[in-house]
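Reminder, nothing fancy here: chain letters follow the sequence lines and each chain counts from 1.
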Amino acid sequence: MAVRRRPSIPNQTAAPPNPDPGGDPQPPNAAPSLDQFSLAPPKLGLILSVLALFLIPFFYLLFVHYQVESDLRYYISICVALSLVGFVFTVGLIPVATRYLLRRNMFGYDINKRGTPQGEVKVPETLGIVTAIVFLVVAIVLQLCTLTADSDWLVEYNAALACICFMTLLGFVDDVLDVPWRVKLALPFFASLPLMMAYAGHTSIIIPKPLVPYVGLSVLDLGVIYKVYMILLVIFCTNSINIHAGLNGLEVGQTVVISFAVLIHNLMQIGASTDIDYKQAHAFSIYIMWPLLTTSLGLLAFNWYPSSVFVGDTYTYFAGMSLAVVGILGHFSETLLLFFLPQILNFLYSCPQLFGFVHCPRHRLPRFDTQTGLLTGTNDMNLVNLFLRLFGRCTEKSLCIRLLIFQALSCLMCFGLRYILAGWYK
Amino acid sequence: MAVRRRPSIPNQTAAPPNPDPGGDPQPPNAAPSLDQFSLAPPKLGLILSVLALFLIPFFYLLFVHYQVESDLRYYISICVALSLVGFGFTVGLIPVAARYLLRRNMFGYDINKRGTPQGEVKVPETLGIVTAIVFLVVAIVLQLCTLTADSDWLVEYNAALACICFMTLLGFVDDVLDVPWRVKLALPFFASLPLMMAYAGHTSIIIPKPLVPYVGLSVLDLGVIYKVYMILLVIFCTNSINIHAGLNGLEVGQTVVISFAVLIHNLMQIGASTDIDYKQAHAFSIYIMWPLLTTSLGLLAFNWYPSSVFVGDTYTYFAGMSLAVVGILGHFSETLLLFFLPQILNFLYSCPQLFGFVHCPRHRLPRFDTQTGLLTGTNDMNLVNLFLRLFGRCTEKSLCIRLLIFQALSCLMCFGLRYILAGWYK
């Protein structure tokens with residue numbers, strides 16, 4: 001969650017051990033006139049290159065490397081096409097939405113640029129709402145195109161939509177009303193309830209082969225406990241993205257990397273399997289991940305360093321819920337957790353501060369040096385500061401790139417792990 | 001939609017032929033301090049009496065008058081119980097939410113009290129979000145209690161949730177960002193899309209018997225045209241409640257009357273039928289209408305004259321969508337339209353002003369006389385002013401009661417009509 005603070009808010013709730021970087025409570029100078037506000041142009045060159053970098057291996061795997069049924073190839077291509085349309089709409093609607101958001105005083109100041117002229121610019125906040133709404137429309141239209149009226153997957157699809165929509169609603173209410181952080185933590189629980197009903201799959205886990213002699217079973221049916229695990233997964237995915245934040249483009253960037261990894265995983269599973277239901281589960285995930293990827297890239301076009309918009313809790317909750325939903329309904333939640341390794345590490349490392357054992361300041365951001373333009377790591381216990389302490393001072397942009405490379409390498413390593421361990425533990 | 005205007009909004013979009021009454025653009029005097037804000041106590045005596053007035057005939061019909069299967073009686077009773085819990089939460093959460101909404105400058109001034117001390121009170125706006133969120137949680141929990149994992153109705157239920165949730169999201173975004181009215185009109189279209197897929201019922205209509213010789217068919221399959229009709233129904237239900245507004249308690253009051261009429265209709269159809277699917281359709285409607293009724297009554301406890309909160313477009317869109325959804329998925333949309341007779345009359349009568357043939361002021365509200373405390377009808381073409389011109393000046397409270405009595409009588413008349421015409425046209 002990037003920096004944000006709205007001016008003139010009396011009765012500010014007491015600052016809890018809030019790990020999310022907030023904004024500067026006292027806006028420095030007079031803000032520029034809203035009439036003359038215009039958004040910096042989107043960084044389309046960068047984003048379109050990244051998009052091409054994703055499309056090429058994806059289509060190679062889909063059409064060349066794997067023998068995928070022609071109707072599945074057709075539906076997935078439609079999915080990609082509609083998602084690209086969604087990308088265009090996102091890029092087109094963000095400048096429109098920013099005007100309305102600024103008018104309602106939904107903006108923040110970029111703490112990591114405090115002391116420079118850019119630190120006094122009013123950056124529009126909560127642009128995640130544009131991403132989420134375009135995503136929902138694309139996902140709904142996709143459903144109309146890819147499913148028939150009597151498909152078994154209608155229940156899962158509608159439950160997924162209901163969950164993601166409810167999470168977006170709660171996230172947007174949070175961004176507008178600034179609810180207390182304890183309520184913020186609990187919101188994903190309520191939004192995940194439609195999933196509990198729709199999940200009609202097995203609630204058993206496969207015991208890793210080396211542990212079978214100790215456990216005594218090869219398959220263990222967890223029943224209700226599996227549903228509790230699902231709820232915890234949702235709460236984790238949403239909040240972990242939220243706290244691994246604070247640099248321009250970090251929240252959207254990590255989502256883009258993870259969702260691309262999920263897409264490749266889905267395609268590999270479709271290519272390697274012959275079970276119809278199994279393939280359908282991964283196709284379902286593709287139909288949700290592609291719109292997430294392209295609408296997020298549309299947002300990143302404005303949010304990448306230097307950010308012209310901030311994404312808000314709306315985005316991090318929406319993205320976390322989408323990822324958790326496909327992991328659960330697509331039956332690959334353990335693989336999803338592997339892709340979330342940096343988020344897991346960040347959460348574990350943050351625990352002492354989150355639970356109050358170590359003093360937790362309002363913002364756990366690095367220190368910005370106006371002379372050099374570099375960030376220096378503080379002693380805060382999160383990956384952002386850890387990277388600065390381990391690898392030295394650097395600019396905000398390079399730090400973000402380093403963290404995203406770490407995310408990508410982590411996903412690659414997980415692919416390798418699955419390959420190596422495939423015969424060993426399952 | 002009740003009066004509302006937020007102070008200090010530059011770049012106000014050009015006032016279109018906006019039929020929705022807005023608020024006073026120039027806030028009169030200094031507002032009271034937010035620290036000392038406390039909401040007037042809810043009018044629980046009135047609301048609980050109304051609730052009892054609903055519960056008694058409903059349970060009489062359910063347990064005494066009709067022979068309903070015991071498991072259906074059980075589920076409906078659970079539904080009522082959970083809805084009553086929802087009522088409790090709504091009444092409890094509204095004062096909490098009002099503080100946060102005021103803090104974010106989401107309030108309005110009551111135009112119908114302009115000139116009196118009450119016309120200078122900052123009334124919190126958009127409390128419909130509390131109603132909608134409690135409704136969604138109750139509806140989701142109800143689904144967990146009343147449906148099994150393999151029920152046919154899971155698709156409809158999740159599609160209904162997705163639609164109502166998406167409509168609430170768009171309505172809340174509208175309330176926060178104040179989108180242009182053309183966009184406002186189109187929002188229900190997007191929110192209704194999940195319904196288009198989930199509607200797996202017949203798309204044919206039964207030609208009224210007297211017309212059969214002229215049409216040549218007794219049953220006409222409309223196919224896609226029926227889906228267009230469904231979308232139009234959604235757009236109509238949401239916007240018609242929105243424009244039949246402007247008095248304290250009118251929007252919530254009309255929703256309460258209509259939903260109670262729908263509930264009685266559902267129960268009557270369950271009691272009179274032997275077709276399992278037909279009964280399930282009406283039971284589905286009951287599971288959605290009871291939470292709507294009780295959460296709306298919770299809101300009405302604060303919104304009834306004199307309003308301590310305003311409901312916002314969030315509420316009118318949420319309520320209109322809920323009613324349209326049950327009418328469509330429960331297959332009784334023509335009956336629903338009969339219950340919407342006052343809204344239809346109001347819409348038709350408003351058409352010249354809505355389409356610009358007659359000058360349409362920003363607010364089409366009656367004139368308030370501070371000396372007498374009475375409202376006088378202007379020449380605006382809506383039911384509110386028509387009633388004042390026909391029946392003479394009266395207080396805002398009596399006018400609202402008169403309009404709600406008209407709504408109730410209209411519903412009663414529709415019950416009578418269906419009974420009389422039952423053998424004649426179907």
Side-chain angles (χ1 to χ4, degrees), chain A residues 6 8-13 33-35 37 97 99-106 126 129 132-133 136-137 139-141 143-144 147-151 154-170 172-173 175-180 190-191 193-194 196-200, chain B residues 6 8-13 33-35 37 97 99-106 126 129 132-133 136-137 139-141 143-144 147-151 154-170 172-173 175-180 190-191 193-194 196-200:
Chain A
R6 306 173 192 97
S8 58
I9 296 180
N11 298 332
Q12 192 62 19
T13 52
S33 162
L34 290 178
D35 289 321
F37 175 79
R99 258 192 298 279
Y100 288 89
L101 287 160
L102 272 184
R103 189 174 70 172
R104 288 293 287 142
N105 284 343
M106 296 190 67
T126 320
I129 189 65
I133 289 179
L136 286 167
V137 175
I140 293 171
V141 173
Q143 179 191 34
L144 289 165
L147 294 181
T148 54
D150 55 0
S151 165
L154 265 187
V155 179
E156 275 81 357
Y157 217 106
N158 279 302
L161 279 180
C163 283
I164 296 171
C165 191
F166 200 17
M167 188 76 258
T168 304
L169 174 67
L170 295 176
F172 189 63
V173 170
D175 273 333
V176 173
L177 301 186
D178 214 7
V179 304
F190 291 104
L193 290 177
M196 299 305 113
M197 195 62 208
Y199 185 76
Chain B
R6 307 172 192 99
S8 57
I9 297 179
N11 299 330
Q12 192 64 17
T13 53
S33 160
L34 290 177
D35 289 319
F37 174 75
R99 253 193 302 279
Y100 285 90
L101 288 160
L102 270 186
R103 190 174 69 172
R104 287 292 288 140
N105 284 342
M106 296 189 68
T126 320
I129 189 64
I133 290 179
L136 286 167
V137 175
I140 293 170
V141 173
Q143 179 191 34
L144 290 165
L147 294 182
T148 53
D150 56 0
S151 165
L154 266 187
V155 179
E156 275 82 357
Y157 217 107
N158 279 303
L161 278 180
C163 284
I164 296 171
C165 191
F166 199 17
M167 188 77 256
T168 304
L169 174 66
L170 295 175
F172 189 64
V173 170
D175 273 332
V176 173
L177 301 185
D178 213 7
V179 303
F190 292 104
L193 290 176
M196 299 305 112
M197 196 62 206
Y199 185 76

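Of the listed residues (B/Ala132, B/Ala162, B/Ala191, B/Cys165), the greatest number of heavy-atom pairs within a distance under 4.5 Å of chain A belongs to B/Cys165. Contact tally against chain B (heavy-atom pairs below 4.5 Å) for A/Leu161, A/Leu193, A/Val141: the top residue is A/Leu193. Most heavy-atom pairs under 4.5 Å with chain A: of the set B/Ile129, B/Val173, B/Leu170, B/Ile164, this distinction falls to B/Val173.
Taking CZ of A/Arg104 as the reference point, atom CG of B/Asp178 lies at 8.0 Å (rounded to 0.5 Å). Remark: B/Asn158 CG to A/Glu156 CD distance equals 9.0 Å, nearest 0.5 Å. Note that the CE atom of B/Met196 and the CD1 atom of A/Ile140 stand 10.5 Å from one another [nearest 0.5 Å].
Of all non-hydrogen atoms in A/Tyr100 and B/Leu177, the two that sit nearest each other are CD2-O, 3.2 Å. Closest non-hydrogen pair, A/Val176 versus B/Met106, comes out as CG1-SD, 4.0 Å.
No side-chain heavy atom of A/Ile133 sits under 4.5 Å from any side-chain heavy atom of B/Phe190.
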